[in-house]
Q: 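Take a look at this one; I'll ask things after.
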Amino acid sequence: MGTFSLVPQIADQAKVPVAAAGGVMDGRGLAAALLLGAQGAQLGTRFLTAAESGAHAAYKEALLASAEDDTVVTRWFSGRPARGLRNRFIQEAERAGIEPLPFPSQNSATGPLRQEAAKQGRADYMSLWSGQAVRLLTRDTPAAQIVRDIAEKARALLGARD
């Protein structure tokens with residue numbers, strides 16, 4: 001279930017503050033989440049290509065070169081379902097026709113592969129966790145600027161409804 005259909009359902013029932021997570025990449029997403037009943041939002045993928053991000057350069061490049069239909073929910077890296085960019089490892093694992101091990105065994109089993117892939121800069125064998133709104137990413141924007149831009153756009157949109 002997507003964030004923007006889930007948030008109002010939870011906000012209507014919850015007795016604690018609700019934070020929207022998943023699919024929020026800019027001020028429009030933040031404004032939407034707030035209008036749907038969230039008190040805040042958590043952004044993950046949006047900061048992976050920020051100037052201060054510690055993400056591997058190959059990971060950043062893969063994100064910047066991708067589109068929303070390049071993501072898939074997979075258990076092949078960790079054993080738990082997570083959305084990431086489809087790469088050669090996922091394709092080959094799916095083609096093998098076997099099931100991934102449960103967490104944490106799958107995570108342990110793929111650890112050496114992921115580490116070596118990172119050393120070699122080979123995104124095709126790295127876990128490339130990502131949301132679907134990757135086309136909204138920017139290259140090397142400082143995190144402070146990302147936050148300012150999100151806040152300004154959300155304020156403008158939320159103020160426009162008064």
Q: Would you say V134 ends up clustered with L136 if hydrophobic residues are merged whenever their side chains have heavy atoms under 4.5 Å apart, either directly or through other cluster members?
A: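 In one cluster: yes.
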Q: Tell me, with the steps shown, if K60 and D140 meet side chain to side chain contact (heavy atoms under 4.5 Å, CB included).
A: CA-CA 9 Å; K60 289 181 179 185; D140 295 328; 4.2 Å; yes
Q: Within a strict 4.5 Å, meaning less than it, do heavy atoms of the R86 and T74 side chains meet?
A: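 No; the side chains remain at least 4.5 Å from each other.
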Q: So which atom in Q145 and which in R148 form the shortest heavy-atom distance, rounded to 0.1 Å?
A: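 Looking at all heavy atoms of both residues, the closest pair is OE1-NH2, 3.1 Å.
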Q: Can you tell me how far the CD atom of Q9 sits from the CD atom of Q13, to the nearest 0.5 Å?
A: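 Reported value, rounded in 0.5 Å steps: 9.0 Å.
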Q: Does V73 share a hydrophobic cluster with I98, counting links as ILVMFWY side-chain heavy atoms below 4.5 Å and allowing steps through other members?
A: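 The answer is no; the residues belong to distinct hydrophobic clusters.
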Q: Parallel under 30°, tilted from 30 to 60°, perpendicular over 60°: which one fits the rings of W129 and F77?
A: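 The rings of W129 and F77 stand perpendicular, inter-plane angle above 60°.
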Q: If I take atom CH2 from residue W76 and atom OG from residue S127, how far apart are they, to the nearest 0.5 angstrom?
A: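 Nearest 0.5 Å value for the CH2-OG distance: 15.0 Å.
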Q: Quick one: closest heavy-atom pair of R135 and E68, and the distance?
A: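 Closest pair (atom of R135, atom of E68, distance): NE-OE1, 2.8 Å.
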Q: Is there a side-chain contact between Q132 and R83 (heavy atoms, below 4.5 Å)?
A: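 The answer is yes; the side chains approach within 4.5 Å.
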Q: Find out whether F47 and V147 are in side-chain contact, i.e. whether some heavy atom of one side chain is under 4.5 Å from a heavy atom of the other.
A: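 Result yes, sub-4.5 Å side-chain heavy-atom pair found.
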Q: Identify whether V72 and L85 are in the same connected component of the hydrophobic contact network (ILVMFWY, side-chain heavy atoms under 4.5 Å).
A: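 Hydrophobic grouping puts V72 with L85.
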Q: Is the backbone N or O of G2 less than 3.5 Å from a side-chain atom of S5, with the two atoms forming a donor-acceptor pair by type?
A: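 Yes; judged by distance alone, with no hydrogens or angles, the pair exists.
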Q: Begin with the C-alpha distance, continue with both residues' side-chain angles, and end with the deciding distance and a verdict on side chain to side chain donor-acceptor pair (under 3.5 Å) for T138 and R46.
A: CA-CA 8 Å; T138 56; R46 181 64 187 95; 3.2 Å; yes
Q: Does S53 use its side chain to pair, donor to acceptor, with the backbone of T49 at less than 3.5 Å?
A: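 Pair absent, no side-chain N/O of S53 close to backbone of T49.
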Q: Decide yes or no for D149 and D26: does some side-chain heavy atom of the first lie under 4.5 Å from some side-chain heavy atom of the second?
A: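 Heavy-atom side-chain distance check fails, nothing below 4.5 Å.
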Q: For E116, enumerate each residue passing the salt bridge (charged side-chain N to carboxylate O under 4.0 Å, His left out) test, keeping only those at least two apart in sequence or located in another chain.
A: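 With neighbours one apart ignored, the set is empty.
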Q: Could you give the distance from OG1 (T141) to CD (E52), rounded to the nearest 0.5 Å?
A: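 Separation between the atoms: 9.5 Å.
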Q: Output all residues satisfying salt bridge (charged side-chain N to carboxylate O under 4.0 Å, His left out) with R80, sequence neighbours left out; order by chain, then residue number.
A: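 Here no residue qualifies.
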Q: Show the nearest heavy-atom pair for residues V24 and L30, with the distance to one decimal.
A: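 In terms of heavy atoms, the two residues are closest at CG1-N, 3.6 Å.
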Q: Does I150 reach the side chain of L43, with side-chain heavy atoms less than 4.5 Å apart?
A: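 Sidechains of L43 and I150: in contact.
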Q: Rounded to the nearest 0.5 Å, how far does OG of S130 lie from CG of L137?
A: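 One gets 7.0 Å once the value is rounded to the nearest 0.5 Å.
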Q: Given 3.5 Å as the limit, does a donor-acceptor pair link the side chain of T3 with the main chain of A21, or not?
A: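 The answer is yes, because a donor-acceptor pair under 3.5 Å joins these two groups.
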Q: Can you tell me how far CZ of R139 sits from CD of E61, rounded to the nearest 0.5 angstrom?
A: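 These two atoms lie 4.0 Å from each other.
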Q: Answer whether the closest heavy-atom distance between the side chains of Y59 and L48 falls below 4.5 Å.
A: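 Contact flag for Y59/L48 side chains = yes.
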Q: Return the minimal non-hydrogen interatomic distance between V18 and Q39, and the atom names on each side.
A: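 Smallest interatomic distance, heavy atoms only, reads N-OE1, 2.5 Å.
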Q: Can you give me the closest heavy-atom contact between A118 and H56, atom names plus distance?
A: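 Taking every non-hydrogen atom into account, O-NE2, 2.7 Å.
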Q: Salt-bridge test for E92 and R95: reply yes if a basic N is under 4.0 Å from a carboxylate O, no otherwise.
A: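 Salt bridge flag = yes for R95 with E92.
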Q: Calculate, to the nearest 0.5 Å, the distance between atoms CG and CG belonging to L36 and L34 respectively.
A: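 It is 9.0 Å, given to the nearest 0.5 Å.
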Q: Please give me the minimum heavy-atom distance between D70 and A65, naming the atom from each residue.
A: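 Heavy-atom minimum between the residues: OD2-O, 4.5 Å.
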Q: Would you say F4 ends up clustered with L6 if hydrophobic residues are merged whenever their side chains have heavy atoms under 4.5 Å apart, either directly or through other cluster members?
A: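 Different hydrophobic clusters.
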Q: Can you tell if the side chain of L63 reaches within under 4.5 Å of the side chain of L128, non-hydrogen atoms only?
A: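 Of all side-chain heavy-atom pairs linking L128 with L63, none is under 4.5 Å.
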Q: Taking atom CZ of R114 as the centre, does the number of heavy atoms from other residues, nucleotides or ligands within less than 6.0 Å exceed 12?
A: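 Counting neighbours around CZ of R114, more than 12 heavy atoms of other residues, nucleotides or ligands fall under 6.0 Å, so yes.
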Q: Quick check: do S78 and Q106 have side-chain heavy atoms less than 4.5 Å from each other?
A: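 No, their side chains stay 4.5 Å or more apart.
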